[in-house]
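Just so it is clear, the structure is predicted and the values come from calculations on it, not from any experiment.
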Amino acid sequence: MSGKNRAHMQSINILGVVRTNASASAVGPLFAELRRRGHRTVLFAEGGGQAKHRLKDNVEELTQLQQLLAAFETKFDVVVTGLSKEREFEQIAEAEAKRRGIPLVQVEDYWGGHVITDAEPNLLLVVDAMAEKMSRAAHPGVRTATVGLPGLFAVTPGDALKNRLDEVRATTGARLIVYTDTGAEAMETLPLLVASIRQTTTPVMLIPKWNPNLRNDASDDGRTWAERCEEIIVPLREQGKILDVPESTDEVVMCADLTASGFSVLLFRALCAGKQALTLWTPFVEHLLKVKTGLTETPLMMLGGPTLAQPQPLDAILAQKALSAGVKPFDPKAAADAVLSLV
């Protein structure tokens, strides 16, 4: 009997360790699908990360090394880890899996995520063909499976939001731009966008959506990141060019006209909704991208999407049609099939 058929015939034990929201948006649905098929899962969310906020059920917060080592006393058939930039227990779980000879699966939540670790997996779950090509160039012998982009989980914007934004467009004639960065990168990308909007002839309104995971964190000057970002947009607020919208960022991105960010997955959320996406390219964004992915330009830039590297009018960009990226949402069933093929 083949390994794949045997995995479907009997229940197996699978351990997962994740740290970030992005990793959780892949491993959470993957483990739910594995449980639906009758398999037993143990999922840990690193205490220092944001994954614990996204994963509501069937998850345990991991704060002590002993918790993880004790879990390994159970015989696991597969270990699954996220690929987070600031990782601790993900890395330890990888090392323990390799030491014990347990098949290791790593999940990329963005192109190039494999550069985060030196541990070679038995299977790497990647976003698309471009991500697969990147991983094979770095690790020619590693098996891969294309499973889609984790951040594109299902979202349905409410009618009230759609109607309210349509009313704003009708009364102001403005194009609606969503800005999604927060944290250190915003200290470069937000002034770049604000300066460009101020040079733009086309009526524009900016919808600021500070990252809820960072907005209340203290910055290097003691103020929160949200306070510092609000200070940067004061000139636009004084001109009546700021629109505050309470709905979730994913919903707003799907309903606005353009989303601007360094390299957020939300740019692809916009494209999948038929909206425009603009890369804000600064030295800090370039550095951060290199550290997180090893890339020297974003996937959106590789696909020919518009890029803003210095302040300039946005009229020409706003007149362009939205790029067709062809990126698909994460597919938990395809991911589960790939994982189960290992045993």
Side-chain angles (χ1 to χ4, degrees), residues 16 18-34 50-51 53-56 80 82-84 105-114 124-135 144-158 161-162 178-182 207 209 211-213 247-279 289 292-293 295 298-305 322-339:
V18 294
R19 181 180 179 90
T20 63
N21 267 337
S23 294
S25 63
V27 178
L30 166 61
F31 273 40
E33 174 63 20
L34 290 167
Q50 297 297 329
H53 301 305
R54 180 174 293 280
L55 299 167
K56 304 300 182 184
V80 179
L83 290 168
S84 309
V105 178
Q106 294 168 345
V107 185
E108 286 192 337
D109 55 68
Y110 198 83
W111 295 260
H114 57 271
L124 179 65
L125 302 182
V126 299
V127 174
D128 59 10
M130 182 165 65
E132 184 177 42
K133 183 177 180 181
M134 293 174 186
S135 66
T144 61
T146 300
V147 294
L149 183 58
L152 298 183
F153 47 85
V155 173
T156 302
L161 172 62
K162 296 176 185 177
V178 186
Y179 174 82
T180 65
D181 290 344
T182 313
I207 304 175
K209 295 299 294 182
N211 186 332
N213 297 324
E247 282 84 356
S248 74
T249 303
D250 288 281
E251 290 180 84
V252 176
V253 163
M254 295 175 72
C255 295
D257 300 303
L258 180 148
T259 295
S261 171
F263 55 96
S264 170
V265 170
L266 288 162
L267 294 171
F268 287 91
R269 166 79 71 189
L271 293 179
C272 288
K275 309 296 185 176
Q276 291 179 282
L278 174 63
T279 298
L289 181 73
K292 286 188 173 183
T293 68
L295 302 178
T298 72
L300 188 56
M301 293 165 69
M302 296 178 196
L303 292 169
L323 182 72
S324 178
V327 176
K328 296 180 179 179
F330 181 78
D331 184 347
K333 293 183 179 179
D337 286 343
V339 169

(request) Answer whether the closest heavy-atom distance between the side chains of Met302 and Trp111 falls below 4.5 Å. (result) no

(request) State, with a plain yes or no, whether a side-chain heavy atom of Val327 is found less than 4.5 Å away from one of Leu271. (result) no

(message) Please report the interatomic distance CG(Leu152) to CG(Leu266), rounded to the nearest 0.5 Å.
(response) 9.0 Å

(request) Check whether any side-chain heavy atom of Lys328 lies under 4.5 Å from a side-chain heavy atom of Phe268, and answer yes or no. (result) no

(message) Taking Val127's backbone N and O only, do any of them form a donor-acceptor pair with Glu108's side chain (distance below 3.5 Å, no angle check)?
(response) no

(message) Tell me if a side-chain donor or acceptor on Thr293 pairs with a main-chain N or O of Leu289 at a distance below 3.5 Å.
(response) yes

(message) Does any part of the side chain of Leu125, heavy atoms only, come nearer than 4.5 Å to the side chain of Val80, both counted from C-beta?
(response) no

(request) State, to 0.1 Å, how close Gly28 and Leu55 come at their nearest heavy-atom pair, and which atoms those are. (result) CA-CD2, 3.6 Å

(message) Return the CG to SG distance between Asp250 and Cys255, rounded to the nearest 0.5 Å.
(response) 11.0 Å

(request) For the residue pair Leu300 and Leu323, establish whether any side-chain heavy-atom pair is separated by less than 4.5 Å. (result) yes

(request) Compute whether any side-chain donor of one residue and acceptor of the other, for Ser261 and Asp181, lie under 3.5 angstrom apart. (result) yes

(request) Using a 4.5 Å cut-off on heavy atoms from C-beta on, say whether the side chain of Val155 contacts that of Glu251. (result) yes

(request) Compare all side-chain heavy atoms of Met134 with those of Leu295 and state whether any distance is below 4.5 angstrom. (result) yes

(request) Please confirm whether the backbone N or O of Asn21 pairs with a side-chain atom of Gln50, one donor and one acceptor, at under 3.5 Å? (result) no

(message) So which atom in Phe330 and which in Ala26 form the shortest heavy-atom distance, rounded to 0.1 Å?
(response) CE2-O, 3.3 Å

(message) Please report the interatomic distance OG1(Thr144) to NZ(Lys133), rounded to the nearest 0.5 Å.
(response) 13.5 Å

(request) Check whether any side-chain heavy atom of Gln106 lies under 4.5 Å from a side-chain heavy atom of Leu124, and answer yes or no. (result) yes

(request) Ignoring hydrogens and angles, tell me if any N or O in the side chain of Tyr110 forms a donor-acceptor pair with the backbone of Ala22 under 3.5 Å. (result) no

(message) Using every non-hydrogen atom in the two residues, find where Ala277 and Leu267 come nearest and quote the distance to one decimal.
(response) CB-O, 3.5 Å

(request) Kindly give the heavy-atom pair with the smallest separation between Gly262 and Thr298, and that separation in Å. (result) O-CG2, 4.0 Å

(request) Check the pair Thr180, Asn211 against side chain to side chain contact (heavy atoms under 4.5 Å, CB included), reporting the backbone distance first and the verdict last. (result) CA-CA 7 Å; Thr180 65; Asn211 186 332; over 6 Å; no

(message) Determine whether a donor-acceptor pair (N or O, by modelled atom type, separation under 3.5 Å) exists between the side chain of Arg54 and the backbone of Ser25.
(response) no

(message) Ignoring hydrogens, what is the shortest heavy-atom contact between Ser23 and Gly82? Give both atom names and the distance.
(response) OG-CA, 3.6 Å

(message) Show the nearest heavy-atom pair for residues Ala256 and Lys275, with the distance to one decimal.
(response) O-CD, 2.9 Å

(request) Spell out, as yes or no, whether a donor-acceptor pair under 3.5 Å connects the side chain of Lys209 to the backbone of Glu247. (result) yes

